[in-house]
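Take a look at the structure below.
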Amino acid sequence: MAAVATGAGGLAALAARFRTCPVTGLKVDAAAETLIKANAVAAVVFLAIGGFLGLMVALTRWQGVHLLGPDAFYLVLTAHGINVLLLWIIFFEVAVLYFASAVILNSRLATPQMGWVAFVLMVLGALATNWAVLQGDSSVMFTSYVPMQASPLFYLGLILFAVGALIACFVFLGTLVIAKEEKTYEGSIPLVTFGALTAAIIAIFTIASGAIILIPTFLWSMGYIRHIDTVMYKLVWWGMGHSSQQINVSAHVAIWYLIGALVLGAKPISEKVSRLAFFFYILFLQLASAHHMLVEPGLSAEWKVFNTSYAMYLAVLGSMIHGMTVPGAIEAAQRARGYTNGIFEWLRKAPWDNPAFAGMFLSLVLFGFLGGISGVVLGSEQLNIMMHNTLYVPGHFHATVVAGTTLAFMAVTYLVLPLIFRREVMFPKLAKWQPYLFGIGAGGISLFMMGAGTLGVSRRHWDITFSDAALGFDYPGAAFLMLGLNGFFAILATVGGALYVIVTVASVLFGERVGPEGPKTPISAAQAAVVAASVGKYGSAGTLHLPGTYVLITVFFVSFVLYYFVNWKYLSELWPMG
Amino acid sequence: MAVHPPEAKIWWNEPVAKGELLWVAVAFLWGVVMFVMMIWWHLEGRQNLSTEVYRIDPELFRSRTEAFVERHKVGEEGNTGIPVARVPPGSDAYMLARLWEWWPVLELEKGKTYRLHLSSLDWQHGFSLQPVNMNIQVHPGIEHVLTITPTESGVFSVVCNEFCGAGHHQMTGRIRVVEPGRGG
């Protein structure tokens, strides 16, 4: 194992494992680099599959098109959730973990062999679960609520995938230990690595929850266990299902900081505050299982109120802090470079034609305004009565996971291509448009699903005209309009997603190799030098002047408060119940 | 930069900018407001989910619902053969969920309060009352007793909004709300 090969005799071999990045000056471990590539490629493959399935879902819910039949629809919807929500995101996150540990810390990766074991397990698990779903007897949705039962292979695949992801987390932690021991960096780990560490800690909690519930469920599907309690299943399953979305939040917030740093030289305005915000995630995000239990029988109101609010909204506080410190760091960097006119010159003159920056900023705005606000409203105990299991729920999480996480991951890919794959980004004009198309598409999907959900439309439902139900019902006409618009924006997002896959795959396979002087676009050594030289030192109190950021967060806060109370007004009009 | 270790080795002693501190304070206080809002609604609000819940054998729930229908049946819903139960104001109403129907149809009076018993005989289902838009999860083996008061008359539909297999989209039910004293 690599860890053993670090004796004096192994030093020469070790030196050969590294190259120096011409842009960042970081030492890059070849073993880490290959593993990052493998995981990133797997991620993009599953994104392409899952994204296409998502388009079919949207085109079926568009009643004017109504593409698929009922059985195919429920099968495709199950596969869509697994491929994008689980496979695309976790594969990419593993790549992020290796990058944030080995590459950013100038370190060798711990036990690359175990990294490959993790990768193989994850691929096998992914294939097994997909195979089970394609057989047609496991259309149980991503959530697979008992006592609805899938085939044993469905659960087994998920367990294998989770074990692989767990190993990857430990490779990450091992790399942190090695880097510290071999003194590859000075002082504390960088903020981006701190964010990745947050993600890894939450991932371990998540996977443990998954094991606790999926292993008995697997045995139950084999006939060895007679009964799984339905409420307990949901409570523990969401310990995995929701917490895994918090891995995403931690990872994409780390990526926001990363892109700000690499493209604009942005430094955290306060290390203490930004780290504290990540720390709140570690302490409180795990309580979010309650978000799925708010209209469930058998749980006390006290339990619901405490857990759904992450112990008085302390994890929301973490996100609201990042919502200020990320644009704040960018504004500070831009002002330091001379964009000091008015309130918003720094934002107007930001590199909007750089897909890494454009994707990152759109991700930040869409995640905050659409995903964040809707998430808090949805997670308020009583408000949930108006929203549970309506399309509002997928509307919310497409804002967080698609417009937020996925767009951030796409954005960082434009840096990973030149820096890790060492290929120039092909079709730069298409790449320039990609984040806008995808961001607007994903934003539209989220908004119109939330709109349909507000009108009561059920999620995971093949036919809201109820054409073959014994007792008919008509949703309001506006609901059909919303679903049509959802379909239209899903097409936009698909075009954006397809552009991403085309640019990425073409660049990896056919892109011009990056020479020793470093890449030309979208980030270059020369640009990096300018960034580093012009920003200088800041980060202490008193030197910061961030009027633009204060305007942005004020707009955000006012929207948040208004939308929150409007929903309580709607709630008060419902039939009284208790 | 965020990809480098903090410039100040003792970064946790660095002062924090006033504007940043202010935002942290505002965000924290807003969290407190939202937390208190949920508690306040339990005290003053009129839409809270009942916590009256019992474990029950699905067979027992089925027989209780059937007995309830026998006592209160006043007809059938159109030509569907589904019984309509007229519930005496203030009393207990039963509605069961099974693949793939909500059974029976209930007739309630506007402005009167009822104890509505919900449970599933097989899988999980979602009780989604439309167009009121009230949504409650229904589990097998658990009887959930809600106290509800219809505030408008008309025909309301119950849509299943928890995925329950191939016939999920056919699973509907109905609640009729009539003006007080106008039963039938």
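Here is how names work: the chains are called A, B, and so on, in the same order as the sequence lines, proteins then strands, and each is numbered from 1.
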Inset, instruction - Select one option (side chain, backbone, both, neither) describing which atoms of A:Asp468 are under 4.5 Å from chain B's heavy atoms. - result: both
Legend entry - Segment of A:Leu77 engaging chain B (4.5 angstrom heavy-atom cut-off): neither
Legend entry - Under 4.5 Å from a heavy atom of chain A, the part of B:Ile136 involved: both
Inset, instruction - Under 4.5 Å heavy-atom distance to chain A, tell me which part of B:Val159 shows up: side chain, backbone, both or neither. - result: side chain
Legend entry - Contacting region of A:Ile189 [heavy-atom separation from chain B under 4.5 Å]: backbone
Inset, instruction - Using only heavy-atom distances, determine whether the side chains of B:His169 and A:Tyr74 contain a donor-acceptor pair under 3.5 Å. - result: yes
Legend entry - Contact origin within B:Val105 toward chain A - heavy atom pairs under 4.5 Å: side chain
Legend entry - A:Thr308 versus chain B, the contacting section by heavy-atom distance below 4.5 Å: side chain
Legend entry - Which portion of A:Leu276 sits near chain B, non-hydrogen atoms under 4.5 angstrom: neither
Legend entry - Part of A:Phe280 within contact of chain B (heavy atom distance under 4.5 Å): neither
Legend entry - Heavy-atom proximity to chain A below 4.5 Å, by part of B:Thr151: both
Inset, instruction - Supply the atom-to-atom distance A:Ile385 CD1 to B:Asn48 CG, rounded to the nearest 0.5 angstrom. - result: 6.5 Å
Legend entry - Separation of A:Phe466 CZ from B:Thr172 OG1 (nearest 0.5 Å): 7.0 Å
Legend entry - Straight-line distance of B:His42 NE2 to A:Glu302 CD, nearest 0.5 Å: 7.5 Å
Legend entry - Contacting region of B:Leu116 [heavy-atom separation from chain A under 4.5 Å]: neither
Inset, instruction - Identify the two heavy atoms, one from A:Ile104 and one from B:Val3, that lie closest to each other, and give their separation to 0.1 Å. - result: CG2-O, 3.4 Å
Inset, instruction - To the nearest 0.5 angstrom, please state how far the CH2 atom of B:Trp123 sits from the OH atom of A:Tyr145. - result: 15.0 Å
Inset, instruction - Check the pair B:Met134 / A:Met577 against side-chain contact (heavy atoms from CB on, under 4.5 Å), numbers first and verdict last. - result: CA-CA 10 Å; B:Met134 280 167 46; A:Met577 61 180 240; 3.1 Å; yes
Legend entry - Interchain contact, B:Glu77 with chain A, by part (heavy-atom threshold 4.5 Å): side chain
Legend entry - Contacting region of B:Asp122 [heavy-atom separation from chain A under 4.5 Å]: backbone
Legend entry - A:Ser467 side, atom OG; B:Gln170 side, atom CD - distance, nearest 0.5 Å: 8.5 Å
Legend entry - Heavy-atom proximity to chain B below 4.5 Å, by part of A:Tyr550: side chain
Inset, instruction - Let me know if B:Phe156 has heavy atoms under 4.5 Å from chain A in its side chain, its backbone, both or neither. - result: side chain
Inset, instruction - Side chain from CB out, backbone as N, CA, C, O: work out which of these in A:Leu299 comes under 4.5 Å of a heavy atom of chain B, or both, or neither. - result: backbone
Legend entry - Point-to-point distance, once rounded to the nearest 0.5 Å, from NZ of A:Lys304 to CE of B:Met38: 12.0 Å
Inset, instruction - Would you mind telling me which of B:Gln124, B:Gln137, B:His139 makes a side chain to side chain donor-acceptor pair (under 3.5 Å) with A:Thr230? - result: B:His139
Inset, instruction - Answer yes or no: is there a donor N or O on one side and an acceptor on the other, between the side chain of A:Lys272 and the main chain of B:Val16, under 3.5 Å? - result: no
Inset, instruction - Given side-chain contact (heavy atoms from CB on, under 4.5 Å), test B:Thr80 with A:Leu471 step by step and report yes or no. - result: CA-CA 8 Å; B:Thr80 60; A:Leu471 300 166; 4.2 Å; yes
Inset, instruction - Begin from the C-alpha positions of B:Leu129 and A:Trp575 and carry the test side-chain contact (heavy atoms from CB on, under 4.5 Å) through to its verdict. - result: CA-CA 10 Å; B:Leu129 185 68; A:Trp575 294 3; 3.5 Å; yes
Legend entry - chain B contact via A:Met387 - which portion, at a heavy-atom distance below 4.5 Å: backbone
Legend entry - Per-residue contact mode, A:Asp474 against chain B (heavy atom under 4.5 angstrom): neither
Legend entry - Under 4.5 Å from a heavy atom of chain B, the part of A:Phe73 involved: neither
Legend entry - side-chain contact (heavy atoms from CB on, under 4.5 Å) between B:Leu49 and A:Val295, worked out: CA-CA 7 Å; B:Leu49 190 71; A:Val295 294; 4.3 Å; yes
Legend entry - Segment of A:Tyr475 engaging chain B (4.5 angstrom heavy-atom cut-off): side chain
Legend entry - A:Val103, part contacting chain B, at a heavy-atom distance under 4.5 Å: neither
Legend entry - Geometric class of the A:Trp568/B:Trp41 ring pair [parallel <30°, tilted 30-60°, perpendicular >60°]: tilted
Legend entry - Donor-acceptor contact below 3.5 Å, side chain B:Arg46 vs main chain A:Gly578: no
